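Residue numbers start at 1 and run along the sequence shown. Values in this document were obtained by computation on a predicted structure and should not be read as measured data. What's counted below: heavy atoms across the whole structure, side chains too, no hydrogens, waters or symmetry copies.
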Amino acid sequence: LLMRADDSEDLAEENETNNVFSRPITVKKPDLVPTVLGPAVPVAVRTTETVSLQLRVDNVGEGDAMVLWTDRLYWSVDAVLDGGDQVLWEGTSDDYVPLASGDGYELTRTITIPSVASDGTYYVLWVTDDLNDLPEENEENNVAVQVFDVTRTSELTITVPAFSPTDPVLGETVQIEAVVTNNGPADAPATTVAFYDGDPATGGQLIDTAAVPALTSEVSFTAQVDWDTTGRTPGEVTVHVALDPDNLIDEVNETDNLASATVLVGVPSLAANWVLPDEFEAGQQVEVTLEIVNEGTRDAKQVELTMDL
């Protein structure tokens, strides 16, 4: 450290050679080093699966880290950080500054394995001070690597069932349909959808099954069956649909293969009320009024009236 008097030499002095005072100082820099503590390397995973990562950063330098920095997780096709890598998470060091020499911090982050073009080896890069905000002793040790062996899978989902007609009368045939979609990156093999009158887990009766063809990624198919409501008890019915009911297709999420919806299977109920005079004579022309009221839950269609005197 140098301190110089009369630095602009504005003052005429007897001795111009003694205007500088020096003092040696030692500048200590921090050095942040990231580590992936878990899971083990490599990890076998499937696309869309979630994985918890245990992460750590240590300051192995002689100096304290005094300014804010940014940490990030990247998804990469190789173990080298570059502009083509995908950011999975980022955070700042607000909770850790200042980070003294010899200290560190740990955190756990959950990531979702992205869709990939093909099965194979991929990498998560754990990068500290990604924006180089912190002057460090070594700028080449800010990346740690977690290896993943990724298998692409299909990911089938099914919508809640829809009904046609939407207000069926007991005895009508109802068309039920549900849309199956493959949201995964891999092709899904052919399967079936089972339709149930009631919850199959508690004794619901199978209505019918519908075949679903093999589906490529992001392709949908509408599965449908006909339901004859003759003979069942009228009222609200919860129809359940089960995609891949025998669990023959390997998927990360099996919970979105079930859906249900409620429909009212109604009946008309006609009540007749005759209105006529209390007394009338033979041969007299009498006006008779017939009031018919539908007290049921559905419209009465093609009502036939017969009057016998």
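For Asp129 against Glu139, the heavy-atom pair with the smallest separation is OD2-OE1, 4.3 Å. Nearest heavy-atom pair across Pro165 and Val174 is O-CG1, 4.0 Å. Taking every heavy atom of both residues into account, Asn182 and Ala188 meet most closely at ND2-N, 3.5 Å. Looking at every heavy atom in both residues, Leu258 comes nearest to Ala242 through CD2-CB, 3.7 Å.
Side chain of Asn59 to backbone of Gly104: no donor-acceptor contact under 3.5 angstrom is found. Here the side chain of Asp78 pairs a donor or acceptor atom with the backbone of Val80 at under 3.5 angstrom. Side chain of Ser93 to main chain of Leu68: no donor-acceptor pair is present (N/O by atom type, distance under 3.5 Å, no hydrogens or angles). In this structure, Thr70 contributes its side chain and Asp130 its backbone to no donor-acceptor pair below 3.5 Å. Without hydrogens or angle criteria, Ser76 side chain to Tyr123 main chain gives no donor-acceptor distance under 3.5 Å.
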Could you tabulate the donor-acceptor pairs under 3.5 Å formed by side-chain atoms of residues 107-121, not counting sequence neighbours?
| unit_1 | atom_1 | unit_2 | atom_2 | d |
| --- | --- | --- | --- | --- |
| Asp119 | OD1 | Arg152 | N | 2.7 |
| Thr121 | OG1 | Asp149 | OD1 | 3.2 |

Please table the atom pairs, donor to acceptor, closer than 3.5 Å between any side-chain atom in residues 30-43 and protein atoms at least two apart or in another chain.
| unit_1 | atom_1 | unit_2 | atom_2 | d |
| --- | --- | --- | --- | --- |
| Asp31 | OD1 | Asn141 | ND2 | 3.4 |
| Asp31 | OD2 | Asn141 | ND2 | 3.2 |

Exercise answer: donor-acceptor pairs, residues 203-227 side-chain atoms, under 3.5 Å, sequence neighbours excluded:
| unit_1 | atom_1 | unit_2 | atom_2 | d |
| --- | --- | --- | --- | --- |
| Gln205 | NE2 | Gly203 | O | 3.1 |
| Ser217 | OG | Gly184 | O | 2.7 |
| Ser220 | OG | Thr181 | OG1 | 2.6 |

Could you tabulate the donor-acceptor pairs under 3.5 Å formed by side-chain atoms of residues 244-252, not counting sequence neighbours?
| unit_1 | atom_1 | unit_2 | atom_2 | d |
| --- | --- | --- | --- | --- |
| Asp244 | OD1 | Leu248 | N | 3.0 |
| Asp244 | OD2 | Leu248 | N | 3.2 |
| Asp244 | OD2 | Ile249 | N | 3.0 |
| Asp250 | OD1 | Arg46 | NH1 | 2.5 |
| Asp250 | OD2 | Arg46 | NH1 | 3.2 |
| Glu251 | OE1 | Leu156 | N | 2.6 |
| Glu251 | OE2 | Asn257 | ND2 | 2.8 |

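With sequence neighbours excluded, the residues satisfying side-chain contact (heavy atoms from CB on, under 4.5 Å) with Ala162 are Glu177. Contacts of Asp228 classified as side-chain hydrogen bond (donor to acceptor under 3.5 Å, both in side chains), with partners at least two apart in sequence or in another chain: Thr230. Not counting sequence neighbours, the partners of Pro200 by the side-chain contact (heavy atoms from CB on, under 4.5 Å) test are Tyr196, His240. With sequence neighbours excluded, no residue forms a side-chain hydrogen bond (donor to acceptor under 3.5 Å, both in side chains) with Thr48. With sequence neighbours left out, Glu137 forms a side-chain hydrogen bond (donor to acceptor under 3.5 Å, both in side chains) with no residue at all. The side-chain contact (heavy atoms from CB on, under 4.5 Å) search around Asp58 returns Arg56, Val60, not counting sequence neighbours. A search for side-chain hydrogen bond (donor to acceptor under 3.5 Å, both in side chains) contacts involving Glu140 returns nothing, not counting sequence neighbours.
Between Trp126 and Trp89, the angle of the ring planes lies from 30° to 60°, which puts this pair in the tilted group.
Between Asn142 and Glu136, some side-chain heavy-atom pair lies under the 4.5 Å cut-off. Contact check for Glu236 versus Thr238: no side-chain heavy atoms found under the 4.5 Å cut-off.
When Leu55, Asp95, Asp71 are each tested for a side chain to side chain contact (heavy atoms under 4.5 Å, CB included) with Tyr105, only one passes: Asp71.
The hydrophobic cluster around Leu131 extends to none of the other residues, as no ILVMFWY side-chain heavy atom falls under 4.5 Å of it.
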* May I have the step-by-step check of side-chain contact (heavy atoms from CB on, under 4.5 Å) for Tyr96 and Val57, ending in yes or no? => CA-CA 10 Å; Tyr96 314 116; Val57 174; over 6 Å; no
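Both Val237 and Phe195 sit in one connected hydrophobic cluster of ILVMFWY residues. Membership requires side-chain heavy atoms under 4.5 Å apart, directly or through other members.
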